[in-house]
Amino acid sequence: MTINRETAQLLERVAAVFRVKEGDTFRVKAYNNAAAVIENLGEPIDNLWKENRLDSVPGLGEGIQKYLSEYFTKGRVRHFDSQFKKVPAGMFSLMSIRGIGPITAYKIAKKFKLTDEKTAIKKLSLLIKQKKLKNLEDFKDKSVLRLTKSLKINSTGKGRILLSEAFKIAEEYINYLKKSPHSIEAEPLGSLRRKLATVGDIDLAVNSNNPSKTMEHVLSYPNISSVITSGEKVSHVKLKNGFEVDIKISEPMGWGSLLQHYTGSKMHNIHLRTIAKDKGLSLSEYGVKKGKKLLRFNTEIDFYRYLGMQMIPPEIREDGGEIELAQRNMLPTLVEQKDIKGDLHIHSDFDYPSSHDLGESTLHEILRQAQKQKYQYVGIADHNPKITGLSEKETKRILIERKKYLEKNFRTYEKSVKTRTLKLLIGMEVDIRPDGDLALSDKLIDTFDYIIVSIHSSFEKSKEDNTERILNALSHPKAIILGHPTGRIINSREPIPADWPKIFDYCAKNGKMLEINAYPDRLDPQEDLIKLAINQGVRLIINTDSHHVGHMELMKFGVWQAKRGFAGKQDIVNTRPLQDFLRVLK
DNA sequence: GCCGTTTTCGGCCCGACTGTTTTCAGTCG
């Protein structure tokens, strides 16, 4: 569990205790809100604490900040522990089941003395089998049935998944939805539409002239394994692959409002509502209420205009300053996929004793794909040869052979397609070693057009050490790109700590580029760091880190990540045409 | 507990769906 999830869960639990033990629902809301904010943070919350930046997070006030400090220092919070003593611990695991909130969880856990988190769900299943749950007032047959269903789903349910995975599932469903004669259009909603690196539930919307017929179509999707809830406007289903999908239906008149409302984020919408309220308006998924009159909106542009601001692109609707900019008509024009003119981080299938994994596609395949994507330049950046067991002389021989291989294949490619519209750059991705040295001698590095420097080992080093390592690596004149800067692997490796403002300052002053790595389980760096880098004047480059020709199409994920960091075309170096780009490279 | 270009007190987003109910509480997003 990541530190952000762990911290969010702690606060959610405190909120749950307050919910069942006290009447103050606003305090509950404050804790839940703080939990949500932490969960969606772009960087580890304990990093913020270490740097005394907790007060920069909206939703964390004096009180919760104090508790968090105690938590990170001592590993526990006295005040929280005393709250937890008031309830049977089993209630917390029960809350992970859909349909069970704090109140139901408490009721069940108390009645049946479920004091152990680890066994509570198992015991609940047993109680249902033994038909003992009906002993609980309010719990009639239908409730038990619903619970049984949820429990079954719970055991096979999945957590947050990669954007790329959610995207694929959503795309298939959307294609199906569009086939209904009554549907006009279908779109993703929520974090999927905002292009968050990970997605919890998949939410979709259909614009329809005949909602009831369309809902029938929605529920007839062949990949559904069970319908969890279904109403006339909203249904929630579970697919055969285990993923849950929410589908909302709107008539054309209210399409813009629905799309806007369910795209969120929650914090973005709450901020909009406070603005609306000041104008005497009230917002909902149906539109804007002015007194008793409901104003509906066909498009999101109309909706935002009515509130007195520019249309805000979904990718930046996180209440991270976008609303204030939109009100002043100062939103940046964000970078688009069509702006990208090259990709400098591609691994080829040239076979040699490499320090890390080789690519799987030939140069011809890579070049063909690059042309398909209308690129003007392509950079091959294989990993450096391994450092143990190879003499400098052998390494040199490998690199010469590789260069010959790439150049020769490039020439035969040009001949075969009879065009010269593509420029090949020969680079290399060179490891930043634990001590900050590069894994290739200066002399050999000089033979490349450019190198990308990346950390591939010793991820546990301190913030100071990492900062030194990176600055040292970037000091080489050919080291112009810092590859996957934080090294995070989503759901498996945390980003490394480093003094990013200091590193960005160095990059800005020395023309070094920060890579936005488009590979879906990296999407590195996170949006907050992209924002910071742009503010410090750092040049960015979006690369795919392709190890297969198919990966080159993942560029869109990097573009979306850049957008989430408020990046405009001018901030991204590989939007520049070839000659311009080559000047920057020098 | 959080928050403030009317406020350091007094507000705190809004609605669908479900189950068990004749008006609502709990849960979810």
Side-chain angles (χ1 to χ4, degrees), chain A residues 11-12 14-20 22-37 40 54-55 57-68 79-80 83 94-108 134 136-147 149-150 189-194 199-205 211 215 227-236 244-250 254 257-258 260-278 281-289 294 319 324 327:
Chain A
L11 297 178
E12 282 163 6
V14 177
V17 179
F18 285 146
R19 179 79 178 86
V20 296
E22 312 206 1
D24 188 357
T25 55
F26 292 113
R27 186 148 58 147
V28 173
K29 225 175 253 182
Y31 271 91
N32 277 325
N33 180 42
V37 168
N40 290 316
L54 281 182
D55 57 355
V57 183
L60 302 188
E62 240 175 89
I64 292 182
Q65 280 178 45
K66 200 178 72 164
Y67 292 136
L68 290 182
H79 175 57
F80 292 175
Q83 297 301 323
L94 298 188
M95 281 168 54
S96 69
I97 299 164
R98 171 174 293 278
I100 297 189
I103 290 170
T104 316
Y106 176 67
K107 226 187 265 177
I108 296 175
K134 278 197 285 189
L136 218 59
E137 62 203 291
D138 294 358
F139 246 81
K140 303 257 156 65
D141 286 350
K142 260 190 164 168
S143 297
V144 175
L145 197 71
R146 195 167 123 89
L147 193 51
K149 224 170 154 183
S150 300
L189 298 167
S191 48
L192 186 55
R193 184 154 182 258
R194 300 201 309 282
V199 173
D201 279 4
I202 298 170
D203 299 315
L204 307 176
M215 191 51 94
V227 176
I228 298 166
T229 66
S230 69
E232 63 183 289
K233 290 168 180 156
V234 180
S235 285
H236 190 101
E244 294 182 28
V245 185
D246 243 335
I247 303 107
K248 336 259 181 203
I249 299 181
S250 160
S257 295
L258 180 105
Q260 194 288 320
H261 177 84
Y262 285 111
T263 295
S265 67
K266 197 171 170 182
M267 297 310 288
H268 176 86
N269 282 356
I270 287 174
H271 191 163
L272 286 184
R273 288 209 184 90
T274 58
I275 289 172
K277 214 168 176 187
D278 288 345
L281 307 169
S282 160
L283 306 184
S284 78
E285 62 259 54
Y286 298 114
V288 179
K289 249 189 253 168
L294 178 69
D319 197 20
E324 291 83 351
Q327 283 178 312

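So that the names make sense, note that chain A is the first sequence line, chain B the second, and so on, each numbered from 1. Fair warning: this is a prediction, and the values are worked out from it, not measured in the lab.
At dT18(B), none of the side-chain N or O atoms of Ser143(A) fall inside 4.0 Å of OP1 or OP2 (strictly under the cut-off). Phosphate proximity of dG1(B) to Arg27(A): present, with a side-chain N or O under 4.0 Å from OP1 or OP2. The side chain of Thr274(A) places no N or O atom within less than 4.0 Å of a non-bridging phosphate oxygen (OP1 or OP2) of dC12(B). For Thr25(A), no side-chain nitrogen or oxygen approaches OP1 or OP2 of dC12(B) to under 4.0 Å. Side-chain nitrogen and oxygen atoms of Tyr262(A) include none within less than 4.0 Å of the OP1 or OP2 phosphate oxygen of dG15(B). When the side-chain nitrogen and oxygen atoms of Lys266(A) are compared with OP1 and OP2 of dC28(B), none of them lie within a distance under 4.0 Å. Side-chain nitrogen and oxygen atoms of Lys66(A) include none within less than 4.0 Å of the OP1 or OP2 phosphate oxygen of dG1(B). Contact annotation: Tyr286(A) does not reach the phosphate of dC14(B) (side-chain N/O to OP1 or OP2, under 4.0 Å).
Nucleic acid contact class of Ser230(A) (heavy atoms, under 4.0 Å, all strands): sugar-phosphate only. Residue contacts for Tyr31(A): at a heavy-atom cut-off of 4.0 Å it reaches the sugar-phosphate backbone alone, with no base atom in range. Residue Leu283(A) is classed as a sugar-phosphate contact, given heavy-atom separations below 4.0 Å to backbone atoms only. The residue Tyr67(A) sits close only to the backbone: its heavy atoms come under 4.0 Å of sugar-phosphate atoms, none of a base.
Residues Met215(A) and Ser235(A) form a side-chain contact, since some pair of their non-hydrogen atoms from C-beta on lies under 4.5 Å apart. Within the 4.5 Å cutoff, no side-chain heavy atoms of Val199(A) are placed close to those of Arg194(A). Asp203(A) places none of its side-chain heavy atoms less than 4.5 Å from the side chain of Tyr262(A). Counting heavy atoms from C-beta on, the side chains of Gln260(A) and Leu283(A) never come closer than 4.5 Å. At a threshold of 4.5 Å between non-hydrogen side-chain atoms, the residues Leu192(A) and Ile202(A) count as touching. By the 4.5 Å heavy-atom criterion applied to side chains, Leu294(A) and Lys289(A) are counted as neighbours. Using a 4.5 Å cut-off on side-chain heavy atoms (C-beta onward), Ile249(A) and Glu232(A) make no contact.
Distance CE (Met95(A)) to C1' (dC28(B)): 12 Å, rounded to an integer number of Å. Protein atom CG of Asn32(A) is 18 Å distant from nucleotide atom P of dC12(B), rounded to whole Å. Nucleotide dT27(B) holds its C1' atom 14 Å from the CD atom of Glu12(A), rounded to whole Å. One can place CG of Leu145(A) at 15 Å from C1' of dT20(B), the figure rounded to the nearest angstrom. At whole-Å resolution of the value, CD in Gln260(A) and C1' in dC14(B) are 13 Å apart. In this entry the distance linking CD of Glu232(A) with C1' of dT18(B) reads 15 Å, nearest Å. In this entry the distance linking CZ of Phe80(A) with P of dG1(B) reads 9 Å, nearest Å. Per the geometry, NZ belonging to Lys248(A) stands 11 Å off P belonging to dA16(B), to the nearest Å.
Comparing the same atom, P, in dC9(B) and in dC14(B) gives a spacing of 25 Å after rounding to whole Å. Rounded to a whole angstrom, the distance from the C1' atom of dC3(B) to that of dT7(B) is 10 Å. Here the separation of dG26(B) from dT21(B), taken at their C1' atoms, is 13 Å to the nearest Å. As rounded to the nearest Å, dT6(B) and dC2(B) have P atoms that lie 24 Å from one another. Comparing dC17(B) with dC13(B), their P atoms sit 22 Å apart, to the nearest whole Å. Separation of the C1' atoms belonging to dT8(B) and dG19(B) is 43 Å when rounded to the nearest angstrom.
Residues Lys289(A) and Ala105(A) each lie close to DNA chain B; by heavy-atom proximity, the contact nearer the 5' end of the strand is made by Lys289(A). Taking the nucleotide of DNA chain B with the nearest heavy atom to each of Ile270(A) and His261(A), the more 5' of the two is matched to Ile270(A).
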Strictly under 3.5 Å: I want the nitrogen or oxygen pairs between protein and nucleotides 21-25 of chain B, one per line.
from, atom 1, to, atom 2, distance (Å)
dT21(B), OP1, Lys140(A), NZ, 3.2

Listed pairs, N/O of protein and of nucleotides 2-4 of chain B, under 3.5 Å:
from, atom 1, to, atom 2, distance (Å)
dC2(B), OP1, Gly61(A), N, 2.6
dC2(B), OP1, Gly61(A), O, 3.2
dC2(B), OP1, Ile64(A), N, 3.1
dC2(B), OP2, Gly63(A), N, 3.2
dC3(B), OP1, Gly59(A), N, 2.6

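You'll find that the side chain of Lys233(A) is closest to dC17(B), out of dC17(B), dC14(B), dG26(B). Side-chain atoms of Phe26(A) lie closest to dG1(B) of the nucleotides dG1(B), dT27(B), dA16(B). Across dT20(B), dG1(B), dA16(B), the shortest atom-to-atom separation from the side chain of His79(A) is found for dG1(B). When distances run from any side-chain atom of Arg146(A) to the nucleotides dG19(B), dA16(B), dC14(B), the shortest one goes to dG19(B). Closest to the side chain of Ser284(A), out of dT20(B), dC17(B), dC14(B), is dC14(B).
Across all non-hydrogen atoms, the minimal contact from Leu11(A) to Ala34(A) is CD1-CB, 4.0 Å. Contact between Ser284(A) and His261(A) at its shortest, heavy atoms only, is C-ND1, 3.9 Å. Across Ala205(A) and Leu189(A), no two heavy atoms sit closer than the pair CB-CD1, 3.6 Å.
Across all strands shown, dT8(B) remains unpaired; no Watson-Crick or G-U wobble contact has both distances below 3.5 Å.
Side-chain atoms of Gln65(A) come within 3.5 Å of backbone atoms of Leu60(A) as a donor-acceptor pair (strictly under, hydrogens ignored).
For residues 25-34 of chain A, the set of pairs meeting the side chain to side chain donor-acceptor pair (under 3.5 Å) definition, not counting sequence neighbours, comprises Glu22(A)-Arg27(A).
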